[in-house]
Amino acid sequence: MIDLMEKLLTFHRGLLQLAQQKTEAIKKSDIHALQQMMAKEQKYVMAIRQLESERMSLLSHLPEEDRTVRRYAEQLEETERTKLLRLAGDLSETIARLKEQNELNMQLLQQSLQFIHFTLDLMIPNEQDVTYDPKRTDELPPRSSFEAKT
């Protein structure tokens, strides 16, 4: 289990590093770099899924509600328990940081999309022209009967 947790931690740290690199690529609008990073990210995710599957099979002897690292660690000697719980804490912290970094990347991408839409709206003229069109069928607003000279 300790080896599995070390591998999981290594892969999650790799994902965190990729997420930080993606932030820089998003800021620079480097699409090619983003595509490469996403391909690497997929490999990390597949490896993590495999390791997570192995972890769950190691815990399969426990009742379903007790299939946690903490419950598993209770069965180990003190030194192994300490190491496993430290790894679990590091993994939780890394996952939390990864989540924050991914949220930042999502916000940056949304801002980029908003800027693109804004720019397109400025470049593409609005279909409703305010100029005279003799084929126009809608009615003009009623003209006021009050005319004042100032």
Side-chain angles (χ1 to χ4, degrees), residues 1-138 140-141:
M1 178 65 90
I2 290 174
D3 289 339
L4 268 173
M5 292 298 285
E6 287 173 341
K7 289 177 185 176
L8 278 169
L9 182 58
T10 300
F11 284 124
H12 278 88
R13 285 181 175 162
L15 274 177
L16 177 59
Q17 185 178 14
L18 268 177
Q20 291 166 340
Q21 291 171 358
K22 279 195 325 188
T23 301
E24 295 306 313
I26 292 168
K27 289 177 182 177
K28 294 177 183 175
S29 299
D30 189 351
I31 302 301
H32 181 68
L34 279 172
Q35 289 173 335
Q36 290 178 337
M37 287 178 212
M38 288 176 68
K40 287 180 186 178
E41 191 176 53
Q42 288 300 320
K43 291 177 185 177
Y44 277 111
V45 169
M46 289 182 355
I48 288 170
R49 283 184 182 158
Q50 178 65 34
L51 290 170
E52 188 63 25
S53 175
E54 290 177 33
R55 186 181 73 83
M56 290 309 292
S57 69
L58 279 174
L59 298 174
S60 64
H61 70 281
L62 296 172
E64 193 166 334
E65 63 275 357
D66 292 338
R67 291 184 186 169
T68 65
V69 173
R70 190 168 305 283
R71 291 285 187 180
Y72 181 82
E74 290 173 359
Q75 303 170 6
L76 301 175
E77 293 178 16
E78 183 64 33
T79 56
E80 290 180 332
R81 179 181 322 131
T82 303
K83 185 172 184 177
L84 183 60
L85 292 176
R86 182 185 51 78
L87 286 169
D90 290 349
L91 181 60
S92 293
E93 180 184 321
T94 302
I95 290 171
R97 290 177 49 206
L98 177 61
K99 183 179 178 183
E100 289 173 7
Q101 193 68 42
N102 282 335
E103 287 174 2
L104 172 64
N105 288 345
M106 187 174 66
Q107 289 173 356
L108 289 172
L109 287 171
Q110 287 175 343
Q111 289 175 356
S112 294
L113 282 174
Q114 288 173 348
F115 179 74
I116 289 169
H117 287 297
F118 175 74
T119 304
L120 285 174
D121 286 345
L122 289 177
M123 295 174 71
I124 299 173
N126 193 353
E127 292 180 12
Q128 295 178 353
D129 290 330
V130 291
T131 59
Y132 174 73
D133 183 3
K135 298 176 188 167
R136 195 166 165 176
T137 59
D138 59 338
L140 297 174

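Since this is a predicted model, take the numbers as computed values, not measurements.
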Please examine the side chains of [Y] and [X], heavy atoms only from C-beta on, and report whether any two atoms are closer than 4.5 Å.
X    : Y    : answer
L108 : Q111 : yes
Q42  : M38  : no
Q17  : R13  : no
Q50  : M46  : no

Contact summary for [X] and [Y], nearest pair of heavy atoms:
X    : Y    : result
E6   : L87  : CG-CD1, 3.6 Å
M5   : L91  : CE-CD2, 3.8 Å
T23  : Q101 : OG1-NE2, 2.6 Å
N105 : A19  : ND2-O, 3.0 Å

>> Check this for me: does any side-chain nitrogen of one of D3 and K7 sit under 4.0 Å from a carboxylate oxygen of the other?
In response: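 Judged by the 4.0 Å cut-off on N to carboxylate O distance, D3 and K7 do not form a salt bridge.
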>> Check E52 with R49, please: is the shortest side-chain N to carboxylate O separation under 4.0 Å?
In response: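 No, no charged N to carboxylate O under 4.0 Å.
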Gap between atom [atom2] of [Y] and atom [atom1] of [X] - 0.5 Å precision:
X    : Y    : atom1 : atom2 : value
L51  : T10  : CG    : OG1   : 9.5 Å
L9   : L16  : CG    : CG    : 10.5 Å
Q114 : I116 : CD    : CD1   : 10.5 Å
L85  : D90  : CG    : CG    : 11.0 Å
E103 : L98  : CD    : CG    : 10.0 Å
L34  : K28  : CG    : NZ    : 11.5 Å

> Can you list every salt bridge (Lys or Arg N to Asp or Glu O under 4.0 Å) pair that touches residues 15-27, not counting sequence neighbours?
Replying inline: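 Only K22-E41, E24-K27 qualify under salt bridge (Lys or Arg N to Asp or Glu O under 4.0 Å).
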>> Can you tell me if R86 has over 12 outside heavy atoms packed within less than 6.0 Å of its CZ?
In response: yes
> Would you say R97 has more than 12 foreign heavy atoms packed within less than 6.0 Å of its CZ?
Replying inline: no
> side chain to side chain contact (heavy atoms under 4.5 Å, CB included) with K40: which residues, sequence neighbours excluded?
Replying inline: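 Checked K40 against side chain to side chain contact (heavy atoms under 4.5 Å, CB included); matches are L18.
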>> Enumerate the ring-ring contact (aromatic ring centres under 6.0 Å, His included) contacts for residues 85-118, please, sequence neighbours excluded, ordered by first and then second residue.
In response: none
> What residue among K83, E78, E77 forms side chain to side chain contact (heavy atoms under 4.5 Å, CB included) with R81?
Replying inline: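 In the set K83, E78, E77, the residue that makes a side chain to side chain contact (heavy atoms under 4.5 Å, CB included) with R81 is E78.
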